[in-house]
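Note: hydrogens, waters and symmetry copies are ignored here, and every other heavy atom, side chains too, is used.
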Amino acid sequence: MIELFNVSKTFEDGSSEVHAVKSVSLKVNKGEIYGIIGYSGAGKSTLVRCINLLERPTNGSIFFNGEDLTKLQEKELRLRRKKIGMIFQHFNLFSSRTVYQNIAYPLKDSNLSKEDKENKILELLELVGLSDKKNAYPSQLSGGQKQRVAIARALASDPEVLLCDEATSALDPKTTKSILKLLKELNEKLNLTIILITHEMEVIKEICNRVSIMEEGRIIEEGDIVKIFSNPEKETTKGFLDTATNRGKIQEILELEENIFNIQECDILTRVQYVGPAAKEAILSQASRKYGINASVLYGNIEILGHTPVGELIVLFSGKLESIEKGIKYFRENGLKVEIIKKER
């Protein structure tokens with residue numbers, strides 16, 4: 001549905017240039033929720049604004065339904081943009097207009113009759129759960145309600161794609177979950193393609209099918225959400241995953257001089273990762289019984305991404321070295337990824 005080929009965006013900053021986006025290519029399929037994550041300054045917001053040409057790229061092509069938007073005249077581009085809705089971190093509502101009037105704004109030049117416009121607005125209000133707020137003003141709404149109004153307004157033109165630029169960053173965790181749930185429902189009910197820009201891995205893992213990680217204007221890693229969580233390749237990606245779990249904290253504890261887990265020199269410390277069916281098997285207890293070793297879980301985490309369980313354990317093995325090595329081999333033969341963190345024998 002959306003394809004970017006070697007898209008770059010350079011800004012002039014006095015006598016110097018800022019290369020915000022550098023040769024980005026990606027493809028977003030119809031009906032999926034695609035995440036783009038990066039730290040502040042990574043170029044992700046500039047990239048998403050290039051998709052609907054709010055920022056015209058310096059180089060590259062942007063295809064929407066097989067048509068290169070960069071080749072269109074302004075009048076044609078405005079028509080195509082109606083099929084690409086957008087919501088923002090700070091909602092961008094008209095403070096002097098009611099909820100009803102904010103949602104009505106994109107319909108002012110449509111060919112709908114007054115009655116059809118009213119019915120459409122009421123349907124959108126019901127869709128986002130704000131039927132009782134149609135006469136309220138933005139100042140009377142919570143942050144989550146304001147974002148629901150912004151979503152309804154973006155849907156007024158019946159878009160095929162919804163761009164979300166840090167749409168949950170100004171919201172508390174509970175409200176964020178409710179907005180993400182709403183976006184997921186809209187994706188399923190309307191077959192709405194969603195491109196979600198964020199710096200929070202919690203947001204990505206909640207609803208995305210695939211994700212790209214941006215750093216210094218480039219896509220450094222891309223894949224489906226299970227692959228990224230279970231087998232990250234880049235340090236930046238691993239850093240984001242650490243923020244979504246306690247993995248980083250556990251690593252800090254293990255590096256302390258104080259040995260709070262009472263790890264002995266003859267013990268072997270491992271990181272065990274598993275995906276899908278392996279999560280259902282009692283492999284840890286099976287290996288312990290089979291090879292006469294002790295396996296202590298110091299840390300455990302499991303995520304359900306889509307319908308796939310993805311988990312990680314920090315496991316401390318103690319016993320005979322030969323038996324532990326057989327146990328680790330048994331783990332690997334049963335589909336688990338085992339990384340030895342500490343081995344001092």
Side-chain angles (χ1 to χ4, degrees), residues 1-4 7 26-38 44-55 62-67 69 77-93 99 102-107 110 120-121 123-130 143-171 175-200 203-212 214 225 306:
M1 169 167 270
I2 290 179
E3 292 186 81
L4 276 62
V7 170
L26 59 84
K27 180 179 180 180
V28 180
N29 301 312
K30 183 175 178 60
E32 75 175 341
I33 303 179
Y34 191 97
I36 300 175
I37 188 169
K44 56 191 185 298
S45 289
T46 300
L47 178 62
V48 79
R49 291 171 68 87
C50 284
I51 291 174
N52 60 1
L53 269 69
L54 287 179
E55 293 286 356
I62 298 169
F63 284 81
F64 173 54
N65 286 335
E67 184 176 43
L69 298 182
L77 181 57
R78 283 198 299 270
L79 290 173
R80 304 301 184 276
R81 277 203 192 112
K82 289 183 178 180
K83 294 301 178 183
I84 307 176
M86 192 167 188
I87 59 174
F88 306 87
Q89 178 179 355
H90 296 297
F91 323 124
N92 290 7
L93 302 179
V99 166
N102 267 279
I103 299 171
Y105 183 76
L107 300 173
S110 73
K120 187 177 188 67
I121 294 165
E123 287 173 6
L124 288 168
L125 282 166
E126 184 175 356
L127 190 62
V128 299
L130 289 178
Q145 290 170 334
K146 290 176 184 177
Q147 194 59 282
R148 286 172 182 267
V149 176
I151 291 170
R153 183 181 61 184
L155 296 177
S157 299
D158 299 318
E160 298 177 39
V161 179
L162 183 63
L163 307 179
C164 305
D165 188 7
E166 298 280 10
T168 60
S169 294
L171 306 176
T175 306
T176 292
K177 280 190 173 292
S178 73
I179 293 297
L180 294 177
K181 181 182 178 183
L182 172 61
L183 291 174
K184 182 66 174 175
E185 290 171 353
L186 295 173
N187 165 256
E188 294 171 351
K189 287 180 183 178
L190 307 177
N191 196 26
L192 184 68
T193 303
I194 297 175
I195 300 177
L196 196 151
I197 303 299
T198 185
H199 62 272
E200 300 171 295
V203 170
I204 295 292
K205 76 178 186 182
E206 192 74 24
I207 64 169
C208 290
N209 308 117
R210 292 192 297 134
V211 60
S212 284
M214 282 195 77
I225 195 68

Exercise for the section: Evaluate the criterion side chain to side chain contact (heavy atoms under 4.5 Å, CB included) for residue pair Ile36 and Val48; output intermediate values, then yes/no. Expected result: CA-CA 9 Å; Ile36 300 175; Val48 79; 5.8 Å; no
Exercise for the section: Show your working on side-chain hydrogen bond (donor to acceptor under 3.5 Å, both in side chains) between Tyr34 and Thr193 and close with a plain yes or no. Expected result: CA-CA 8 Å; Tyr34 191 97; Thr193 303; over 6 Å; no
Exercise for the section: Report the C-alpha distance between Asn52 and Val161 in whole Å, list the side-chain angles of each, state the deciding distance to 0.1 Å, and finish with yes or no for side chain to side chain contact (heavy atoms under 4.5 Å, CB included). Expected result: CA-CA 10 Å; Asn52 60 1; Val161 179; over 6 Å; no
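With rounding to the nearest 0.5 Å, the separation of CG in Leu162 from CG in Leu190 is 10.0 Å. The CZ atom of Arg210 sits 12.5 Å away from atom CD1 of Ile33, with the distance rounded to the nearest 0.5 Å. Residue Glu206 holds its CD atom at 11.0 Å from CD1 of Ile225, rounded to the nearest 0.5 Å. Atom OG1 of Thr168 sits about 5.0 Å away from atom CD of Glu200, to the nearest 0.5 Å. For the atom pair CD1 (Ile103) and NZ (Lys120), the distance works out to 11.5 Å, reported to the nearest 0.5 Å. The CD1 atom of Ile2 sits 10.0 Å away from atom CD of Glu32, with the distance rounded to the nearest 0.5 Å.
The side-chain heavy atoms of Phe63 and Leu4, taken from C-beta on, include no pair separated by under 4.5 Å. Arg148 is listed as a side-chain neighbour of Leu130, based on a closest heavy-atom distance under 4.5 Å.
Inspection of the Glu160 and Asn191 side chains reveals no N or O donor paired with an N or O acceptor under 3.5 Å.
Taking all atoms of both residues into account, the shortest heavy-atom contact from Ala152 to Leu124 is O-CD1, 3.6 Å. Of all non-hydrogen atoms in Leu54 and Arg81, the two that sit nearest each other are N-NH2, 4.1 Å. When all heavy atoms are compared, the tightest approach of Ile204 to Gly35 is CD1-CA, 3.7 Å. Contact detail for Leu171 and Gly144: the closest heavy-atom pair is CD2-N, 3.7 Å.
Lys44 contributes no side-chain N or O that, together with a main-chain N or O of Ile197, makes up a donor-acceptor pair within less than 3.5 Å.
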Show me the donor-acceptor pairs, under 3.5 Å and distance only, between side chains in residues 83-93 and residues at least two apart or in other chains.
| from | atom 1 | to | atom 2 | distance (Å) |
| --- | --- | --- | --- | --- |
| Lys83 | NZ | Asp158 | O | 3.2 |

Return a table of donor-acceptor pairs under 3.5 angstrom between the side chains of residues 180-187 and protein atoms on other chains or two or more places apart.
| from | atom 1 | to | atom 2 | distance (Å) |
| --- | --- | --- | --- | --- |
| Asn187 | ND2 | Gly31 | O | 2.9 |
| Asn187 | ND2 | Leu192 | O | 2.8 |

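Each of Ile194, Ile195, Thr198 was evaluated against Cys164; a single residue qualifies, Ile194, per the side-chain contact (heavy atoms from CB on, under 4.5 Å) test.
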